[in-house]
Number of protein chains: 2
Amino acid sequence: MARTGAETRELLVDTALRLFREQGFDGTTMRGIATEAGVSLGNAYHYFAGKDELVQELYRVVQVEHRDRTLPRLDPGAPLAENLRTTLHTGLDVMAPYHAFGQAFVRVALPSSSPASPFSPESAGPRDLAVDLMRTVVESSSTRVPARLRERLPHLLWLAYLGVTLHWVTDGSPDQRRTRRLVDGLAPVVGRALSLSRLPVARGLVDDVLTLATGLDGADRPTKEHA
Amino acid sequence: MARTGAETRELLVDTALRLFREQGFDGTTMRGIATEAGVSLGNAYHYFAGKDELVQELYRVVQVEHRDRTLPRLDPGAPLAENLRTTLHTGLDVMAPYHAFGQAFVRVALPSSSPASPFSPESAGPRDLAVDLMRTVVESSSTRVPARLRERLPHLLWLAYLGVTLHWVTDGSPDQRRTRRLVDGLAPVVGRALSLSRLPVARGLVDDVLTLATGLDGADRPTKEHA
DNA sequence: CGGTGCAGTTGAACACGTTCAACTGAGAGG
DNA sequence: CCTCTCAGTTGAACGTGTTCAACTGCACCG
C-alpha cells in the first residue's frame with residue numbers, strides 16, 4: 001500500500017462522516033471507521049487524535065455547505081426576517097442528515113476549552129464563515145438597521161443560530177419539526193425587535209444587550225497580565 | 001453485610017458526589033465509586049442504570065440547595081432585577097464545587113430524550129422546584145409585571161437560568177468570573193425589558209416571544225393521536 | 001428441620017476509546 | 001549491493017462503561 005498521508009486522511013474523514021450519518025456518533029466505533037476504510041485502528045489514531053477531532057471536520061463541512069446553499073436562496077430586498085428564516089431553515093436542511101450525530105456534536109463542542117467549540121481560536125475559520133453569512137443576510141435585506149446595531153447584528157444573529165442549533169440537537173420531535181416552528185417564530189420576533197430598537201425608549205436596553213452579547217463569547221478579556 | 005437497598009443507594013450517591021467534586025466526571029470511574037463505597041462494581045449498576053443516572057441525583061441536590069439558600073436572601077420589596085441577580089448568583093455559588101463536573105452534566109442532560117434533561121418528565125420535580133423559586137422571586141419583588149406576562153414570567157426566568165447555567169458550564173475563566181459578569185448584566189436587562197414590555201408598542205413582540213417560549217420546552221404538542 | 005423465595009450482591013466478560021513500541025518498505029546515499 | 005531514514009502502518013495492551021448469569025444469606029412457610 002503506502003498511500004500518501006493526505007489520501008489516507010481523506011479516506012478516513014469520508015468514511016467517518018458516512019458512518020456518522022448512518023449510525024450516529026455512539027453507534028460509530030473507531031474500529032468500525034478503521035475497518036471500513038481498510039486501515040488499522042492505530043493508523044486512524046495517527047491522523048486524528050481522537051473521535052472528537054473528527055467532529056471538527058464535520059463542523060467545517062457543514063458551515064461551508066450552509067453558506068453555499070443559502071446564498072443563492074437569499075432574496076435581495078426582502079425583509080430581514082424573511083431572509084433570516086430562509087437562512088436558518090437551510091442550515092437545518094444541511095444538518096438534517098447528522099441529527100443522530102448532533103447530540104455528540106454539542107457534547108464535544110460545548111467545553112470552551114475544547115478546540116471544537118465554536119468560540120475557540122481553532123474554529124475561527126468556520127465561525128467567520130458563519131458570521132459573514134449573517135452579514136450578507138443583513139446587507140441583502142431591505143430592513144433598516146439602527147446604526148448602533150449594524151456592525152454587531154451579524155454576530156448577534158450568529159449567536160441566535162447557535163441557539164437554534166442547540167435546540168435542534170435536543171429536538172426529539174419527528175423531523176425536528178419543533179425546531180422548524182422555532183425558526184418560523186424566531187425570525188419575525190427578530191424583525192419586530194429590530195423595529196422596536198429604533199425607538200429612543202429602547203436605547204438603554206439595546207446598549208445593555210449589546211454589552212451582554214460582547215461578554216458571551218471569546219476568552220476572558222485580557223486582564224493586563226504582568227508576565 | 002446485607003444492608004437495606006436504600007442504605008446502599010444513599011452510600012453510592014454520597015460517594016459519587018464526593019468523587020465528582022474531587023475528580024470531576026471523567027476522572028471518576030464507576031469502579032472508583034464502587035470501591036470507595038465498599039461495594040462491588042456490579043452492585044453499583046444494580047442501583048444506577050449507568051453513570052448518567054448519578055447525574056440526576058446531582059441535579060436534584062443542587063436544585064434543593066439552590067432554593068434553600070436563595071429564599072432567606074431575597075429582599076421583599078426590592079426591584080425584580082436585584083432579587084433575580086441574588087438568585088442567579090446563589091445558584092452559581094451552589095454549583096461552584098461541581099464546575100469540573102459541569103461539562104459532563106450538560107452532555108448528559110442535553111438530549112431531550114434523556115431522563116436527565118431538565119425538560120423531561122422525570123425531572124418534573126426539580127424543574128417545578130426551580131420554576132417555583134422564580135415565581136417567589138417575582139412575587140416578592142416590587143417590580144410591576146404586566147398581566148399578560150405575570151403567569152409566564154417565572155417560566156421565562158427559569159429558561160434564562162438554564163441559559164446562564166449553560167454559559168457557566170462552558171466558562172473557562174478563573175472562578176467563572178465571566179458568568180458572574182453575565183449575571184450582573186442580565187439582571188438589569190430583564191428589568192429594562194420588563195419596563196419596556198408595559199408599552200403598548202411592545203405588545204406584539206411580547207406576545208410573539210411568549211409563543212416562542214411555549215414551543216421551547218415540553219415534548220411535541222399532543223397531535224390528536226387516534227390510538 | 002428442610003426448603004423456597006427473594007432482595008442484595010458478586011466477579012467475569014464484552015466492546016469500546018486510546019496509547020505505544022515495533023514493523024514495513026520505498027527511496028537516498030555510499 | 002548494502003545501509004540508513006523515515007513516513008506510513010500495525011496489533012497488542014490498558015482502563016473504561018456496561019451487562020449478566022450466578023451466588024449469598026436471611027426470612028418465612030410446611
Side-chain angles (χ1 to χ4, degrees), chain A residues 1-17 19-20 22-58 100-101 103-105 107-111 114-116, chain B residues 1-17 19-20 22-58 100-101 103-111 113-116:
Chain A
M1 300 295 163
R3 273 175 293 256
T4 145
E7 279 168 354
T8 307
R9 189 191 156 87
E10 194 183 338
L11 179 61
L12 281 169
V13 170
D14 292 345
T15 307
L17 261 54
L19 292 184
F20 282 154
E22 293 173 4
Q23 315 175 346
F25 186 74
D26 289 333
T28 304
T29 69
M30 287 300 284
R31 283 171 179 79
I33 296 172
T35 302
E36 197 79 3
V39 306
S40 74
L41 177 60
N43 201 13
Y45 275 94
H46 179 71
Y47 290 97
F48 298 96
K51 219 176 163 183
D52 290 2
E53 206 163 298
L54 286 161
V55 172
Q56 285 179 265
E57 221 61 30
L58 177 59
F101 169 89
Q103 301 180 358
F105 182 65
R107 91 165 154 229
V108 167
L110 240 166
S114 156
Chain B
M1 301 295 163
R3 273 176 291 257
T4 143
E7 280 169 352
T8 306
R9 188 192 157 87
E10 194 184 337
L11 180 60
L12 281 168
V13 170
D14 291 346
T15 307
L17 263 54
L19 292 185
F20 284 154
E22 294 173 3
Q23 315 174 346
F25 187 75
D26 289 332
T28 304
T29 70
M30 288 299 284
R31 284 168 179 80
I33 295 172
T35 303
E36 196 78 4
V39 307
S40 74
L41 177 60
N43 201 13
Y45 275 93
H46 179 71
Y47 290 97
F48 297 95
K51 218 178 164 183
D52 290 3
E53 206 163 299
L54 285 161
V55 171
Q56 285 180 264
E57 225 51 51
L58 176 57
F101 169 89
Q103 302 181 357
F105 182 66
V106 170
R107 93 165 152 228
V108 167
L110 241 166
S113 54
S114 155

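Because only heavy atoms are used, hydrogens play no part in the values below, and waters and symmetry mates are left out as well, while side chains stay in. Only a predicted model underlies this, so the values are computations on that prediction, with no experimental measurement involved. Below, chains carry the letters A, B, ... as their sequence lines are ordered, and counting in each starts from 1.
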Checking C:dT18, D:dG8, D:dG17 against the side chain of A:Thr8 (C-beta onward), the nearest is D:dG8
Testing C:dT9, D:dT16, D:dT9 for proximity to the side chain of A:Ser40, the answer is D:dT9
**Prompt:** Between C:dT9 and B:Tyr47, is there an OP1 or OP2 to side-chain N/O distance shorter than 4.0 Å?
**Reply:** yes
When rounded to the nearest 0.5 Å, the distance separating CG of B:Leu41 from OG1 of B:Thr35 is 8.0 Å
Here the gap from B:Asp14 atom CG to B:Arg9 atom CZ, rounded to the nearest 0.5 Å, amounts to 11.0 Å
note: A:Met30, atom CE; D:dG17, atom P; distance rounded to Å ~ 19 Å
note: B:Leu41, atom CG; C:dG8, atom P; distance rounded to Å ~ 18 Å
Between the CD atom in A:Gln23 and the OG1 atom in A:Thr29, the distance rounded to the nearest 0.5 Å is 7.5 Å
With heavy atoms under 4.0 Å as the rule, sort B:Gly42 into base, sugar-phosphate or nothing. base
Practice problem: Answer yes or no: side-chain N or O of B:Arg31 and base N or O of D:dG15 forming a donor-acceptor pair under 3.5 Å. | Solution: no
Taken to the nearest whole Å, CZ/A:Phe25 to C1'/C:dG17 is 10 Å
From CG of B:Leu11 across to P of C:dG8 the rounded distance in Å is 14 Å
To the nearest angstrom, the CD-P distance between A:Glu53 and C:dT18 comes to 10 Å
* Compare side-chain N and O positions of A:Tyr45 against OP1 and OP2 of C:dT19 and report whether any pair is under 4.0 Å apart. => no
Rounded to the nearest 0.5 angstrom, the CD-CG distance for B:Glu53 and B:Leu12 is 11.5 Å
Here the distance between atom P of C:dC16 and atom CG of B:Asp26, to the nearest Å, is 19 Å
In whole angstroms, the gap separating C1' of D:dG25 from CG of B:Asn43 amounts to 14 Å
Distance col, row B:Ile33:CD1 vs B:Thr15:OG1, nearest 0.5 angstrom, shows 8.0 Å
To the nearest angstrom, the CG-C1' distance between B:Leu12 and C:dT9 comes to 12 Å
